[in-house]
Peer 1: 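Okay, handing you the structure first.
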Amino acid sequence: MSRLAVVCGGSRGIGKAVSRLLAERGCRLAVVSRNEDAARSTVASLRGADHVALSCDVSKEQEVQKTFETIQNTCGNISYLVNAAGINRPLCVCVCLFRDALLLRTKPEDMLALLHTNLLGTMLTCRAALRSMLHTQGAAIVNIGSVVGLKGNAGQCVYSASKAGLEGFTRSLAKEVASRNVRVNLLAPGFIRTDMTAGLKEEDGLRSIPLGRFGVPEEVAQAVLFLLESSYITGQVLVVDGGLQLVM
Ligand code: NAP
């Protein structure tokens, strides 16, 4: 029987590439995002049948509970959970990507939106998925952090805090569930070409990234698959950034 993988934030960007790769490897996918049409169109593009699309805002506890109940009832026990739902700009109108997010200019409601989606959202989905994962052989979770959470970045205090929080959360949860043979790891990407980085110029990558370019979602997806399938790795942070953190 094929493994069931839930990808939160699976409709676009990194999560979509992860969904695609897992489907190619024979998993059954539950693709979760707020926009159900986008999740559906991703599901329609996946190899294989029986994949499902669900609309859910991961920052809302009741929606998360309901969504994972639906997944359990319609698809069965979860083998893999990938938390790729995230935001970095609660303000959509942003002239320079990071300047508008200097702490002194950040509104408390925007801080909450970031923390609720990026940090609380992952806690809620892990909590909702775990009951089912405890009954699955070889179950694994990959949370998506960021090099900015490991190194910090001016203009990204709140985003960085949300991603740094994921590191402590991931290591702690890995300890909590290791005895039940569930593994939990964090993947920390650098600059990856998705909607989230649409405002950044490729020249910035040439200058600041040792490998001289932005990454593509498929390169992150490969690393996610590696963590999901590596049966003796838990509580680790894997950086996928073209060497960026070496110079941060
Ligand atoms: P993206 O292209 O903007 O995709 C974000 C995904 O998350 C979409 O599927 C979006 O769908 C979903 N999402 C956002 N808020 C959500 C919510 N409240 N509930 C459910 N789903 C939600 O972003 P990405 O670049 O692929 O980023 C994926 C993850 O990698 C994020 O956690 C991001 O912080 C992290 N990351 C990205 C980069 C990068 O350079 N791209 C670097 C480091 C870390 P809806 O909008 O329909 O909900």
Side-chain angles (χ1 to χ4, degrees), residues 6-20 29-43 53-64 66-68 81-90 92 94 97-98 101 112-125 128 142-151 153 156 158-167 169-170 186-202 204-205 208-209 213-221 223-224 237-242 244-245 248:
V6 180
V7 181
C8 297
S11 65
R12 290 188 278 123
I14 291 170
K16 183 175 182 176
V18 170
S19 300
R20 230 185 239 149
L29 266 294
V31 173
V32 177
S33 68
R34 289 168 301 182
N35 182 330
E36 193 171 353
D37 288 343
R40 272 212 202 101
S41 102
T42 293
V43 158
L54 297 109
S55 164
C56 170
D57 183 338
V58 296
S59 69
K60 305 224 160 74
E61 201 252 330
Q62 285 183 354
E63 279 189 38
V64 172
K66 224 176 106 196
T67 300
F68 279 83
L81 171 66
V82 179
N83 281 305
I87 52 172
N88 74 346
R89 282 172 295 172
C92 292
C94 202
L97 185 61
F98 299 134
L112 284 176
L114 267 170
L115 292 170
H116 284 174
T117 301
N118 295 358
L119 183 54
L120 178 67
T122 293
M123 293 175 178
L124 293 175
T125 59
V142 173
N143 297 323
I144 306 293
S146 168
V147 282
V148 169
L150 308 178
K151 293 288 183 174
N153 194 27
Q156 290 195 290
V158 183
Y159 179 76
S160 170
S162 72
K163 296 298 188 178
L166 284 178
E167 187 182 352
F169 172 73
T170 298
L186 184 75
L187 190 145
F191 289 111
I192 308 300
R193 190 49 79 203
T194 67
D195 292 350
M196 193 176 271
T197 52
L200 296 178
K201 296 196 202 86
E202 195 67 37
D204 299 331
S208 57
I209 302 167
R213 63 174 178 86
F214 282 35
V216 293
E218 290 71 21
E219 291 172 306
V220 181
V224 170
V237 179
L238 180 60
V239 179
V240 181
D241 70 345
L244 179 62
Q245 69 146 352
M248 277 179 96

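Both ligands and their constituent atoms are indexed starting at 1 by order of listing. Basis for what follows: all heavy atoms, side chains included, without hydrogens, waters or symmetry-related copies.
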Peer 1: So, are R40 and E36 salt-bridged, with charged N and O less than 4.0 Å apart?
Peer 2: yes
Peer 1: What part of K16, side chain, backbone, both or neither, has a heavy atom within less than 4.0 angstrom of ligand 1?
Peer 2: neither
Peer 1: Do any nitrogen or oxygen atoms of I87 lie less than 3.5 angstrom from nitrogen or oxygen atoms of ligand 1?
Peer 2: no
Peer 1: Which bit of I192 is near ligand 1, meaning a heavy atom under 4.0 Å away: side chain, backbone, both or neither?
Peer 2: both
Peer 1: Closest by any non-hydrogen atom to atom 21 (N) of ligand 1: pick that one out of G149, A85, P217, G121.
Peer 2: A85
Peer 1: What I want to find out is whether E219 reaches R193 closely enough, with some N-O distance under 4.0 Å, to be called a salt bridge.
Peer 2: no
Peer 1: With respect to atom 44 (C) of ligand 1, which of A198, G145, G86 exhibits the smallest heavy-atom separation?
Peer 2: G145
Peer 1: Short N/O distance, under 3.5 Å, between G15 and ligand 1?
Peer 2: no
Peer 1: Before accepting this row, confirm whether a basic side-chain N of the pair D57/R34 lies closer than 4.0 Å to the acidic partner's carboxylate O.
Peer 2: no
Peer 1: Please say whether P189 places an N or O atom under 3.5 Å from an N or O atom belonging to ligand 1.
Peer 2: no
Peer 1: Would S146 count as being in polar contact with ligand 1, using the rule that some N or O on each side must be under 3.5 angstrom apart?
Peer 2: no
Peer 1: Under 3.5 Å, N or O to N or O, is S59 touching ligand 1 that way?
Peer 2: no
Peer 1: Would you check whether N118 has a nitrogen or oxygen atom less than 3.5 angstrom from a nitrogen or oxygen atom of ligand 1?
Peer 2: no
Peer 1: Under 3.5 Å between any N/O of V32 and any N/O of ligand 1: does that happen in this structure?
Peer 2: no
Peer 1: Regarding ligand 1, does N35 bring an N or O atom to under 3.5 Å of one of the ligand's N or O atoms?
Peer 2: yes
